[in-house]
Amino acid sequence: MGNIFLSILGISVSIGLIVIGLIFLTPFLNKRYAAKWKYLIWIFLALRLLIPFSGANGQDVMDRMSQLKVGTNSESEENDANNPTDTAMPYRGIVVEIPAQMTTPIKASSEKSTADITMLDIVTLVWIIGSLIFIFVHLISYSHYKRQVLKNGKMIKETRILSQIFRLKRELHISRTVCVMEYDEAESPMIIGFIKPVLVLPKEQYNSEDLFFILKHELVHFKRGDVYLKLLFVTANAVHWFNPIIWIMQKEAVIDMELSCDERVTQGTSFELRKAYTETLLSMLHKQCVRKTVLSTQFYGGKKIMKKRFKNILIRNRKKNGISILICAVVLSITLGMLVGCSVTKENTEKENIENEDTANEDMGNVSEPSELEAAQTAPTPVDNSSTENNALENTITLTFSKEGEQEQKQATLAIGNGYSFYLPDDEKWHLSAPDLWTTDINEQIALWVTHFEGESVDSVNQKLEDDGYTEDDSYKWWKQEGDLLYHAEQKVFENNIWVIFYSYPVDFQEGWGREFPVIVNTFALSDGAENGEMNNAVGTGEYLGVEDCQKIRTVLEAFAESYFNGDVGAIQKFLASTYEGEVDIYEGTGMISDLTVKGLSDTDEKKIENGKCNASIEFRDSNYEDMFLYLTFILVKEQGEWKIQFYGMEG
């Protein structure tokens, strides 16, 4: 057990150095990079703290290498015999030496006792007891609080809350179920529970805006599994309870967890919406919320943390991709783990050193052979690019963007349209939301679309752009501004055919998207019919509803709605697919129906067909619930050229 403790101590020292560096660089990192990258670094460091592999193992390797190198030179060998410490020093890392007294057996008062107990054994025992006490205190506190929630809490059945959760789960692509409870003594909304998570809400009256932000914040925690990650941080802290730096690391990790969650909640939203989100946080601040248990996510985090969250949410500048700092942290932690270790002082390891020297002397005659093998292994190996690899390269390339004087590279995948193709960066989550229209999940205001002016002249196209409010900026390049959006158009002239690539983005994102789009447009190329057949390997691939199908579905749903709200079961059955299962339901509400609108078929919706099915919904109001919209959702399939309803049901 003593060796395990020394390994843990070595890990604690090496990771502690990295934590100090990260805390020192926090103001710079928070300003330049999104909080999720620092949060990922904390997760990696917590995992590293729990892996029993310290610098002592790497130290043994370096010692052996130094001894083998000494054996190749007889003069160096003589010097090593006189002063072995000097030869080893250039190859050693940072070694925290434990005093020799730590491994000296403590004399027992009874002569019958044969056990040799050292000070290191006692320290190890104290460490184990401290770790167990730490983790059990947190687990007992967590279990007690959860029992109180389940015992005294009430299941929420309010339609307004349940329907909001249902919509947010669809938006966040959450398939797991989460129980929602109201608990009088809960000072803050939270997610608690590992096997069956529970979303706990204090007994408060929330307006629609506050409810939206609170539920979305907690569901983002739920989707990312932040409860399990908090358990990871607590476990790492329990193992390294003796190191105050790890305590600080846990607190910083929780702060960055909340900051990254806020960034996800407000991703792609306007400044006004982000400001509204901070007002919701401020309302929680005024309620004097306090923490109850470490092993839960909480909407409120204290006044100091709230100030950091306000500043991070309201920042206008677009932050950079932080994958580089994550990689640096991983490499640095591994390197320091090999260089930093703990060992006992040399007086207690003389026998081991002598044995190592004897082993090295026996291996001296074989030193040349490994050298030849090493030379063979480091020789360049011919690269054989197969046809399969070449085909893969055709669909992916690396695009280079110049932002703020620095070069940024992104992998991009081939996107194929109707007679053309170009490359779109993978990390921006592009998808084909309508024919010849690409949008990104990052921000709905960012879009790219292509128009083909077949058989028209350049002057004719220019006149159309001018009539649409565009101003010529450069040869074949046009732009206009409408509100807080910038629109650009670039012409591509091919003989008698003119293609115009349009793209739009918010004015505030000029430094980012304003530099990316020209690079993307430069990859535009015409493609033949064979290339169009390879759409399954491109961005935005799949089948999408056309204008005609959208109109047919809209007609079906409007006619279905009339029968559904009138309670006409016979008429409803005419719209159902042969694969429909279950009873035929009618609307059970008693209020007056109004504001009926078909959703999911507009130009801004995805309208994607997956496995022959598509989704749509009907939004409406019931006079009994005037303060909210209700939704009737549908899954439709095509049978014999006609769209039929395979499933329908009320949300919430």
Side-chain angles (χ1 to χ4, degrees), residues 153-172 174 177-184 186 189 198-219 273 276-277 279-280 283 299 553-576 580-602 604-605 614-636 645-652:
K154 299 178 182 178
M155 295 291 294
I156 292 179
K157 298 181 180 180
E158 187 177 346
T159 305
R160 181 172 68 103
I161 297 178
L162 295 178
S163 60
Q164 184 68 268
I165 291 176
F166 185 89
R167 289 192 292 271
L168 288 172
K169 285 177 65 178
R170 288 183 59 188
E171 177 185 339
L172 297 172
I174 298 175
T177 58
V178 57
C179 178
V180 187
M181 299 188 69
E182 185 182 75
Y183 182 47
D184 293 349
V198 178
L199 198 164
V200 182
L201 294 175
K203 190 175 182 181
E204 299 284 349
Q205 293 297 324
Y206 304 101
N207 59 44
S208 299
E209 189 173 69
D210 288 348
L211 184 66
F212 171 82
F213 287 125
I214 289 172
L215 293 178
K216 187 172 184 179
H217 181 96
E218 295 304 324
L219 287 176
L273 203 59
Y277 180 54
E279 292 174 355
T280 300
S283 67
F299 190 75
I553 292 175
R554 191 183 304 275
T555 302
V556 169
L557 296 186
E558 289 174 350
F560 174 89
E562 182 178 356
S563 303
Y564 177 75
F565 292 115
N566 290 333
D568 190 345
V569 176
I572 290 176
Q573 292 177 337
K574 298 178 182 179
F575 302 100
L576 302 181
Y580 179 85
E581 296 181 357
E583 298 180 357
V584 179
D585 295 329
I586 59 175
Y587 186 61
E588 297 178 353
T590 58
M592 181 71 69
I593 304 301
S594 62
D595 299 336
L596 191 146
T597 307
V598 177
K599 295 287 186 178
L601 302 177
S602 65
T604 57
D605 294 317
C614 69
N615 298 318
S617 63
I618 292 179
E619 178 186 81
F620 64 95
R621 288 186 186 272
D622 187 315
S623 58
N624 292 330
Y625 308 97
E626 293 182 352
D627 60 338
M628 63 181 293
F629 280 105
L630 300 178
Y631 293 87
L632 180 63
T633 60
F634 299 87
I635 298 177
L636 299 101
I645 299 171
Q646 189 183 54
F647 167 83
Y648 69 93
M650 290 292 298
E651 292 187 7

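Computation of the quantities below employed the complete heavy-atom set of this structure, encompassing side-chain atoms and omitting hydrogens, waters and symmetry-equivalent molecules.
Note on ring orientation: taking the six-membered ring where Trp is involved, the planes of Tyr580 and Tyr648 are parallel (angle under 30°, cut-offs 30° and 60°).
Contact detail for Asn207 and Asp210: the closest heavy-atom pair is OD1-N, 2.6 Å. Shortest non-hydrogen contact noted between Leu636 and Ala616 is CD1-CB, 4.2 Å. Considering every non-hydrogen atom in both Gly591 and Ser623, the closest pair reads CA-OG, 3.2 Å. Between Phe634 and Ser617, the closest heavy-atom pair is CD1-CA, 4.1 Å. The two residues Lys169 and Thr177 have their closest heavy-atom pair at NZ-CA, 3.8 Å. Shown here for Asp568 and Ala571, the closest heavy-atom pair between the two residues is OD1-N, 3.2 Å.
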> How far apart are the C-alpha atoms of Arg160 and Ser208, what are their side-chain angles, what is the distance that settles it, and do they pass the side-chain contact (heavy atoms from CB on, under 4.5 Å) test?
Replying inline: CA-CA 9 Å; Arg160 181 172 68 103; Ser208 299; 4.3 Å; yes
>> Is there a side-chain contact (heavy atoms from CB on, under 4.5 Å) between Leu201 and Ile214? Walk through the geometry before answering.
In response: CA-CA 9 Å; Leu201 294 175; Ile214 289 172; 4.1 Å; yes
> Could you go step by step and tell me if Leu632 and Tyr587 meet the side-chain contact (heavy atoms from CB on, under 4.5 Å) rule?
Replying inline: CA-CA 10 Å; Leu632 180 63; Tyr587 186 61; over 6 Å; no
> Stepwise, does the side-chain contact (heavy atoms from CB on, under 4.5 Å) test hold for Val178 with Val198?
Replying inline: CA-CA 6 Å; Val178 57; Val198 178; over 6 Å; no
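When side chains are defined from C-beta on, Ile635 does not count as touching Ile645, because their heavy atoms never get closer than 4.5 Å.
Between the CZ atom of Arg621 and the CG atom of Leu630 there is a distance of 9.0 Å, given to the nearest 0.5 Å. Leu596 CG to Phe629 CZ: the interatomic distance, rounded to the nearest 0.5 Å, is 10.5 Å. With values rounded to the nearest 0.5 angstrom, Ile586 atom CD1 is found 7.0 Å from Ile572 atom CD1. Here Tyr631 contributes atom OH and Arg170 contributes atom CZ; the two are 10.0 Å apart, rounded to the nearest 0.5 Å. A distance of 12.0 Å separates CG in Asp622 from CD in Glu588, rounded to the nearest 0.5 Å. Atom CD1 of Ile174 is separated from atom CG of Leu219 by 5.0 Å, given to the nearest 0.5 angstrom.
Ring to ring, Tyr564 and Phe620 are not that close: their centroids are 6.0 angstrom or more apart.
Counting only distance, with no hydrogens or angles, the side chain of Thr633 and the backbone of Gly649 share a donor-acceptor pair below 3.5 Å.
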Can I get a per-line list of side-chain donor-acceptor pairs under 3.5 Å for residues 554-561, giving both atom names and the distance, sequence neighbours left out?
unit_1 : atom_1 : unit_2 : atom_2 : d
Thr555 : OG1    : Gln551 : O      : 2.9

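Evaluated for a side chain to side chain contact (heavy atoms under 4.5 Å, CB included) with Glu182, the options Ile161, Val200, Ile156 yield exactly one hit, Ile156.
The environment of Glu171 atom CD is dense: over 12 non-hydrogen atoms of other residues, nucleotides or ligands sit within 6.0 angstrom. By the neighbour-count criterion of 12 heavy atoms within 6.0 Å, atom CD of Glu562 is sparsely surrounded, having that number or fewer from other residues, nucleotides or ligands. By the 6.0 Å contact criterion, CE on Met628 is enclosed, its count of non-hydrogen atoms from other residues, nucleotides or ligands being greater than 12.
In this view, Asp184 satisfies the side-chain hydrogen bond (donor to acceptor under 3.5 Å, both in side chains) rule with no residue, not counting sequence neighbours.
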